[in-house]
**Q** 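Pasting in a structure now, in structure tokens, and then I'll have a few things to ask.
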Amino acid sequence: MEKKNIDWSNLGFSYMETDKRYVSNYKDGAWDEGTLTTDANVVLNECACVFQYAQTCFEGLKAYTTEDGHIVTFRPDLNAQRMATTAERLKMPVFPEDRFVDAVHKVVEANAAYVPPYGSGATLYIRPYMFGSNPVIGVKPADEYQFRVFTTPVGPYFKGGVKPITIRVCDYDRAAPHGTGHVKAGLNYAMSLYAIVDAHEKGYDENMYLDSATRTKVEETGGANFLFVTKDNTVVTPKSPTILPSITRRSLLYVAEHYLGLKTEEREVYMDEVKDFAECGLCGTAAVISPVGKIVDHGKEICFPSGMEKMGPTIQKLYDTLTGIQMGHIEAPEGWIHRIC
Ligand SMILES: *Cc1c(COP(=O)(O)O)cnc(C)c1O
């Protein structure tokens with residue numbers, strides 16, 4: 001298979017249309033058989049539920065070329081599972097989990113020419129999503145839905161080397177108790193846009209959201225979970241029912257325990273204790289771990305000992321081990337790597 005003529009190392013994180021995408025429609029209580037199509041556009045009625053009441057959700061994962069030349073995805077079954085949980089919360093029909101994994105497989109295979117080569121640092125980003133597609137004007141769930149998966153090649157997250165970021169404690173909330181913070185609903189992102197634009201305007205890279213009930217506990221950023229390392233090298237991640245369960249974060253905790261022999265804790269993390277940690281990072285599919293050098297809490301600065309030049313030593317080890325597993329030079333736990341071709 002001949003690769004497309006793309007300058008892989010200069011790709012950013014933006015949409016590029018690829019050859020094929022997967023579409024399946026839900027009508028009269030059932031999903032159709034689904035198909036690959038070349039048509040990148042979606043045409044819907046003006047009153048489609050997704051436009052009026054934001055009944056939509058999504059997932060995000062990546063396909064990589066491993067050192068020995070295979071194209072693989074990382075734990076797509078967990079994305080399938082999470083989308084099922086999200087769909088239930090939004091009163092959408094679940095797209096069967098085995099069919100989700102199969103759809104991802106088919107789309108990546110059909111766009112293999114767009115999967116960046118090993119060593120480029122670039123990857124093929126995969127976006128499964130679903131929306132209510134029939135006209136709905138009285139507030140209720142749609143009766144018809146569309147499930148789609150498209151792909152787009154994206155560049156290395158850390159272009160020109162890793163740079164720790166500066167984040168601020170945010171006065172806006174991301175998720176309410178008993179709300180939708182734990183599911184990947186588009187609406188969680190719509191209402192975070194104001195806060196992230198405001199953060200960028202004020203010179204911060206990201207928002208740190210606290211629990212909205214007490215504003216004393218660390219939750220997450222708009223699109224990544226926190227990971228902290230204590231001074232005696234325990235890996236700590238915040239636990240809360242309003243945090244989105246990051247697959248990267250769950251995988252890193254496993255790596256910490258089973259590959260690096262570190263102690264791990266998933267527990268409530270109070271803002272008051274953040275100053276005592278040695279390292280801080282943000283976990284998500286996009287960057288795996290993005291190191292945080294500084295947190296600004298209403299003028300008060302927390303500067304981590306790892307500094308603003310490089311990742312802290314433990315976060316670096318976690319990063320190297322997980323990316324090593326993904327790229328195929330470290331043996332993966334059973335079932336983590338899904339081989340496409
Ligand atoms: C998608 C997402 C993450 C990261 O999850 P991964 O499965 O690791 O990519 C974290 N927080 C939020 C709010 C998200 O939407």
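Ligands are counted one by one from 1 in listed order, and the atoms in each one are counted from 1 as well. From a predicted model like this one, the values you see are computed outputs, not experimental measurements.
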**Q** Mind telling me whether Tyr254 and His258 have parallel, tilted or perpendicular rings, with 30° and 60° as the class edges?
**A**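 If you compare the ring of His258 with that of Tyr254, the planes turn out parallel.
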**Q** I need the full list of side-chain hydrogen bond (donor to acceptor under 3.5 Å, both in side chains) pairs touching residues 29-50, with sequence neighbours left out, sorted by first then second residue.
**A**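 Passing the test, one end in residues 29-50: Ser24-Asp32.
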**Q** Out of Arg82, Arg75, Lys184, which one pairs with Glu59 under the salt bridge (Lys or Arg N to Asp or Glu O under 4.0 Å) rule?
**A**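 The residue from Arg82, Arg75, Lys184 that satisfies salt bridge (Lys or Arg N to Asp or Glu O under 4.0 Å) with Glu59 turns out to be Arg82.
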**Q** Below 3.5 Å, can you tabulate the donor-acceptor pairs from side chains in residues 291-299 to any protein atom, sequence neighbours excluded?
**A**
residue, atom, partner, partner atom, Å
His298, NE2, Asp171, OD1, 2.7
His298, NE2, Asp171, OD2, 3.3

**Q** Please tabulate protein-ligand N/O pairs under 3.5 Å for ligand 1, atom names and distances to 0.1 Å.
**A**
residue, atom, partner, partner atom, Å
ligand 1, 7 (O), Arg82, NH1, 2.8
ligand 1, 7 (O), Arg82, NH2, 3.1
ligand 1, 7 (O), Ile247, N, 2.9
ligand 1, 8 (O), Ser246, OG, 2.6
ligand 1, 8 (O), Ile247, N, 3.3
ligand 1, 8 (O), Thr248, N, 3.0
ligand 1, 8 (O), Thr248, OG1, 2.6
ligand 1, 9 (O), Thr285, N, 3.0
ligand 1, 9 (O), Thr285, OG1, 2.5
ligand 1, 11 (N), Glu220, OE1, 2.6
ligand 1, 11 (N), Ala224, N, 3.4
ligand 1, 15 (O), Lys184, NZ, 2.7
ligand 1, 15 (O), Tyr189, OH, 2.4

**Q** Who are the side chain to side chain contact (heavy atoms under 4.5 Å, CB included) partners of Arg339, not counting sequence neighbours?
**A**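 For Arg339 the side chain to side chain contact (heavy atoms under 4.5 Å, CB included) partners, ignoring immediate neighbours, are His70, Val72.
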**Q** Within the supplied structure, the quantity of interest is the number of heavy atoms (other residues, nucleotides, ligands) at a distance under 6.0 Å from Glu257 CD; does it exceed 12?
**A** yes
